[in-house]
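Both backbone and side-chain heavy atoms feed into the values below; hydrogens, waters and symmetry mates do not.
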Amino acid sequence: MHKTRIFVDTPESVLVEPPYCMHRESGEMHPSEGASTRDISYIENIGWQLALVESSTSATNFHLPSGMESVCYTSNKNIEHLLFQKSDDSNTWDTSVNCWKDDIPPINLTDEPYKLSRCSITKNTFNSNSSFTIKWFFPSSKLITLENILCCYFSGPISKSEDHIGTGNYALSIHSNGSATLYELILHPTDGKKYIIKDKIKLYGKNLCSGFHTIRIETRINNIKHSQTEGFITIQYLPQDESISHRETYQLSVEHNNWDETRAYKTLPAVLDVRDDINPLFYAAGTNFCREGILEDTPSVLPFTPKYDEPLSLEIVADIPEGCTIESSLKCVHQDGTTQILKSTSSDKLHATYSVQKDSCGYTPIFTLRGNGTESPRIHSYRLIRAGTSAVTKGKNLELTGVEQIQLEQSSETVGNGSGKIVIHDINGDQEELLNCAGKSVRIGIDVIGSGYSNLFRGYVKQVIKKHISPRYSKIELELIGVEQRIMEQNVPVRYNWCYDASTLDSHGKMECYKITDIIRYLLHWCGFRDNEIDIPELNIRMKTSHSKFLLMDAYIHIGNFIQKLAAEYLNSMVIFKSTQSDSGCWQLRSLNDTEEEVKPIAHFSTSLNNEIIHESLPTGSIGKNSLMVNIFPPAASNVTVFGISGSTSDGKPKRFSITREPEEESSSLGRYVGHQMIDTSLHCPERGENIANHYYHLICKEIRTAEFTSQLLTISHDSAERILLPGDSILMNGTPWIINSIQVFYNKDANKQCTYRCYAN
């Protein structure tokens, strides 16, 4: 024997304050005026790093040919530069330093009437994870038309896969009108080594043939995991006069797929060719990083009233080479205008925790970067986080009486469509309290003698309707929605980037993207669910992309849709709420994958109770007369192909990849080709593309068999609990396995309980 019990206004966990997260990419960080920021610089699309400084003398790292003399030039800022020029008694420069004559050919510009001579070459192999500076000065302006002033040959970043293999060799030709041309040396199938124009660059808007000018070339490997590029080349024009605001920076992204046989060369010394017919002064020097620098970002005001000693976390997404460090602190601005530096309570270099000050109105992150001279740490982004707070409501836990009907409908196809209706007798206004129950939580379960209470449904009262039957008698209808609707209506409270998890490092000490299961748990927490209401397994499947912006989750998007998208595309699953799993129910994953493991049925239904199909070991129900309907739907497509973008080809065009899922059995094939294609330009991971292909294969490339029948509500004993059948349960129908897809229960008091089952073939 069992009794149906209904509780309204039950206590539940709710989110009191949403979590706070201020996420800033490096390009969004702007040191405020008067801040202590010093000795740092920003590289577009890469981040903040220590500033570059020139070596003390140019002769330290470079060979100089004979026939050169040094000149000391003092700029308007009183900085002495050691310059070189051709001696008056030397008509030509010594070409003995031209060790690249056979390996790296000069740029062949036959239509130019001038001559460049090789005047400087590095003593050792150019460090491809370093930089150098070139300066030149013309005593008088002699060039008017577009002509070359100087040309610099250098190697690209070094590949990680093989020592001293670069991403290519380049040449930068600087013109007198303030522009430059970047060439790349390639191995042509028939012409051999050949220069191609990589890009046209605008360095300066004025003539470069008068005055003092400086450019800096930097080639770097970007060590951060899942970055947009594996390396980059930065060319920057630095005005000698700091009052000039014009400061151009050009950046070339070097992707991993460029490291192939046609473009990868062993790194060679850097070479400088200078125009010798007009006898300029020039300077070439290696460049090192400052040893220490400080980055102080713009202050931020918290949108909540802080509690004293409440934890405030600072997560840093950074690249920290060996021998380099990053220290963080938090400057607290009090309401009276005074400031205070908060020290971290955590020793983790990527994650720090601080205690919020009660009378504070703003917080400023301060980062101290320390390098080893040849390398610098880089800050790509940071997050200032305050966890959300939750509480349990003080519900009255009203048990309803006078219930006439209960109608429930739940489905496993999508989340958020659990619904129901309760009809209650109201005599002499005894149930007037129910008229104020809109929005309150509802639990429906059965109380089995000897087994205790077991949940059947959990949700909320959507609407209350009172129907007057007579002056003293009314009926109150409570329209219900399932608990799943809670996450479908909840919006993301903060802007968040799931690209890097500061608490997790891979085997190389680099940060990895968040696990999909961690993200789902975090989002469910944001909806107010507690740990005991979330039963999501720990799966080491992480978000993957070639650019962090693709993992940036903007505020106010629907959490439910985002959760289901992640579960489907990465885990081939959907997130469902199981009311029967515990006293309060919990969220679980339901796999959409093909499985070789047979799901054991837990009940059996038959059109006849007198035939030999009856399974005595299973609870058995009788299918109502003339109620069984079976439908067969052919596949909508014969295969699924998912297209994504994985880097770019050697000519700079997007490199496309495709994942195709074909039917495994002829019985599920259409017998004709009907391909379904999905193109997603934000898809950068073939593994994720395979999951998406499998997901859509299950939806549109398999023959679908559905069945619907009516039976008395069947109660089973499963997992040491007495309950009814629910969506996702496996049953036998006339000996054939099926999966329940949805149920529609109709209770008439506690005597007559009919149920309509909708199933699909297992």
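Note that the OG atom of Ser606 and the NE2 atom of His604 stand 5.0 Å from one another [nearest 0.5 Å]. Atom CD1 of Ile536 and atom CD1 of Ile516 lie 12.5 Å apart (nearest 0.5 Å).
Heavy atoms from other residues, nucleotides or ligands lying under 6.0 Å from NZ of Lys466 number more than 12.
Judged by distance alone, the side chain of Thr517 and the main-chain N or O of Lys515 form no donor-acceptor pair under 3.5 Å. Counting only distance, with no hydrogens or angles, the side chain of Ser711 and the backbone of Ile623 share no donor-acceptor pair below 3.5 Å. No side-chain donor-acceptor contact under 3.5 Å links Thr620 to the backbone of Phe605. Judged purely by atom type and a 3.5 angstrom limit, Gln564 uses its side chain to pair as donor or acceptor with the backbone of Val575. Between the side chain of Asp426 and the main chain of Gln431, a donor-acceptor pair closer than 3.5 Å is present. Side-chain N or O atoms of Asp729 include none that pairs as donor or acceptor with a backbone N or O of Ile602 at under 3.5 Å.
The pair Arg758-Glu708 meets the salt-bridge criterion, with a side-chain N (NZ, NE, NH1 or NH2) lying under 4.0 Å from an Asp/Glu carboxylate O. Between Arg458 and Glu484 no salt bridge is recorded (no basic side-chain N to carboxylate O distance below 4.0 Å). Ion pairing between a basic and an acidic side chain is recognised when a charged N comes within 4.0 Å of a carboxylate O; Arg530 and Glu12 show no such pairing.
Residues Phe529 and Trp587 place their aromatic rings such that the two centres sit under 6.0 Å apart. Residues His468 and Tyr473 keep their aromatic ring centres 6.0 Å or farther apart.
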